[in-house]
Structure formats: C-alpha cells, structure tokens
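Written below as structure tokens is the structure these notes are about.
If you read the sequence from its start, that first residue is 1, and numbering goes on from there.
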Amino acid sequence: MNTPAHLIFGLAAFGKVGRPAITAAALAGALIPDLSLYLLSGWHLLILGTSPSVVFGELYFSDAWQSIFRIDNSIILWGIGFAIAAMYKTAIGVALCGAALMHLGLDFLFHNDDGRAHFWPLTNWIFQSPVSYWDPDHYGTIVGAAEVTVSMLCCGILWVRFKGPWMRGLIVALGLAEFAPFVLFAFMFAGP
C-alpha cells in the first residue's frame, strides 16, 4: 500500500487525542517499514542520479536491499516488540509496534511480485499475493480505489477526533498525499 495510507491507518488505529507521544509512536510505527526504501531509493535517485528503472527494477530486488527490508519488515521482530510492549503495558510501544504490524499485514496482503520476507529470521520466504495495491494486472485499480476511499473515511474520522490545528493540518496533508497519486495516474493514463 502507499505510505500515506499506512500513516492514516496507523494514526486512526493507534493515535490518541491529548497523548502526543503515543500519536507520534503510531505515526513512526506506520512509517518505519517503508523508511529504508525511502532512504535507499532517495540516495540513488537524488544524490547518485540512478535511473528509476534501475532503482525499482534492479536494486529493489537485489540481495543487499532485500537483506535490509527483511529486518524492518519482519512480522516476527515487530511481533516480539509488540508482545514486550503489551506485557509491560507501555502505550507508546504498543502504538509503535501495533502500527508497524498493521502496515506489514496490509503489505503482506497487497504485494504481488514486490513483497518482502515478512517472517525473517525464521525464513526468507516471500508471499506472492494474488492481489496488488498498484498493479492493474492483479486488481490494482480496484485495490487502489478502495485504499483511497478507506483512507478518506479514516481522515474524516481523524478530523472529528483531533481538534488541534497541527493535527488537522497533518490529516489534510496525509489525505492529499494519499489522493494525489490517484488523480495523477488518472491524468497520465487517460487517453487523448
């Protein structure tokens, strides 16, 4: 799924009004599984000038990159963290690990040929879902539209829940970030 959707869902599920540390932990947990991809691809695209086709067609699937993704996308590691946080009743840890686990669960369901080894260190097996969040050959248009719809509904719920201007600004920014690719792709792939 798109990262803004993960942030919206993590915030909706684990963010707490009047508890900024818990809310920040929910956002961090929703982001961390994608952070290494942003850092690696950003370095290559913006600093080294590597072409997007090399970054997302070759480097993404390389052993070096996948070895990093195995760690920050491990349901096993995040699950251990969640269990420890729940055992010690640390709301910040529960929000962090819970949002990350939600992210990974959705990625597990909606990545076709670009999944990750979610059960590392037990195995390097990668589930190839029959459904993709982006690939139209694997229902990506349906899943993408559903993702945007659910994201906008969650933004509405968050808008009602959080009253502060900073949080409302963040909610609007996340909603626009989630909706923007949907609009851009419609224009890019529309016929003449």
Side-chain angles (χ1 to χ4, degrees), residues 1-40 65-112 114-133 143 146-164 166-175 177-178:
M1 296 185 70
N2 290 305
T3 304
H6 287 303
L7 293 168
I8 292 165
F9 297 163
L11 183 59
F14 295 99
K16 300 287 183 205
V17 175
R19 304 285 304 271
I22 294 172
T23 300
L27 288 167
L31 175 64
I32 290 171
D34 282 347
L35 189 57
S36 62
L37 174 61
Y38 284 113
L39 294 173
L40 291 167
W65 284 31
Q66 289 297 317
S67 67
I68 295 168
F69 299 156
R70 284 182 191 106
I71 297 167
D72 57 15
N73 281 258
S74 172
I75 291 172
I76 304 300
L77 297 180
W78 284 107
I80 291 168
F82 185 85
I84 291 168
M87 185 171 52
Y88 287 103
K89 297 180 175 141
T90 59
I92 291 171
V94 167
L96 177 80
C97 296
L101 285 169
M102 176 184 281
H103 179 137
L104 298 176
L106 291 166
D107 277 0
F108 184 81
L109 294 173
F110 299 116
H111 279 258
N112 175 262
D114 55 350
R116 312 266 176 91
H118 289 300
F119 298 103
W120 184 87
L122 299 181
T123 179
N124 287 327
W125 174 74
I126 297 173
F127 174 63
Q128 188 170 353
S129 174
V131 181
S132 170
Y133 76 99
V143 174
E147 175 187 320
V148 170
T149 301
V150 175
S151 294
M152 294 305 111
L153 289 171
C154 287
C155 282
I157 292 167
L158 290 167
W159 184 268
V160 171
R161 194 185 309 166
F162 289 95
K163 307 290 187 203
W166 288 104
M167 281 305 296
R168 285 197 165 174
L170 176 64
I171 293 162
V172 168
L174 289 173
E178 174 60 23

For [X], all residues meeting ring-ring contact (aromatic ring centres under 6.0 Å, His included), sequence neighbours excluded:
{"X": "Tyr133", "answer": "His111"}
{"X": "Phe69", "answer": "Tyr60"}
{"X": "Phe162", "answer": "none"}
{"X": "Trp65", "answer": "His44"}

May I have the list of side-chain donor-acceptor pairs in residues 20-37 shorter than 3.5 Å, sequence neighbours left out?
unit_1	atom_1	unit_2	atom_2	d
Thr23	OG1	Lys16	N	3.0
Thr23	OG1	Lys16	O	2.9
Thr23	OG1	Arg19	O	3.2
Asp34	OD1	His103	NE2	3.3
Asp34	OD2	Thr3	OG1	2.6
Ser36	OG	Asp72	OD2	2.5

Practice task
Go through the structure and list residues passing side chain to side chain contact (heavy atoms under 4.5 Å, CB included) with Leu77, not counting sequence neighbours.
Solution key: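 Residues passing side chain to side chain contact (heavy atoms under 4.5 Å, CB included) with Leu77: Ile71, Ser74, Trp120, Pro121.
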If I compare all heavy atoms of [X] with all of [Y], which pair ends up nearest, and what's the gap?
{"X": "Phe14", "Y": "Ala99", "value": "CE1-N, 3.5 Å"}
{"X": "Ile8", "Y": "Leu158", "value": "O-CD1, 3.9 Å"}
{"X": "Met102", "Y": "Ala13", "value": "CE-CB, 3.3 Å"}
{"X": "Trp159", "Y": "Val172", "value": "CZ3-CG2, 3.6 Å"}

Practice task
Evaluate whether atom NZ of Lys163 has more than 12 neighbouring non-hydrogen atoms of other residues, nucleotides or ligands under 6.0 angstrom away.
Solution key: yes
[X] [atom1] to [Y] [atom2] distance, which is reported to the nearest 0.5 Å:
{"X": "Leu96", "Y": "Leu101", "atom1": "CG", "atom2": "CG", "answer": "9.5 Å"}
{"X": "Leu104", "Y": "Ile76", "atom1": "CG", "atom2": "CD1", "answer": "10.5 Å"}
{"X": "Cys97", "Y": "Ile84", "atom1": "SG", "atom2": "CD1", "answer": "8.5 Å"}

Quick check: do [X] and [Y] have side-chain heavy atoms less than 4.5 Å from each other?
{"X": "Arg70", "Y": "Arg116", "result": "no"}
{"X": "Leu174", "Y": "Glu178", "result": "no"}
{"X": "Ile126", "Y": "Gln66", "result": "yes"}
{"X": "Glu147", "Y": "Phe110", "result": "no"}

Exercise for the section: Please confirm whether the backbone N or O of Ser129 pairs with a side-chain atom of Asn112, one donor and one acceptor, at under 3.5 Å? Expected result: yes
Practice task
Take Asp107 and His6 through the side chain to side chain donor-acceptor pair (under 3.5 Å) test and state the conclusion after the steps.
Solution key: CA-CA 9 Å; Asp107 277 0; His6 287 303; 2.9 Å; yes
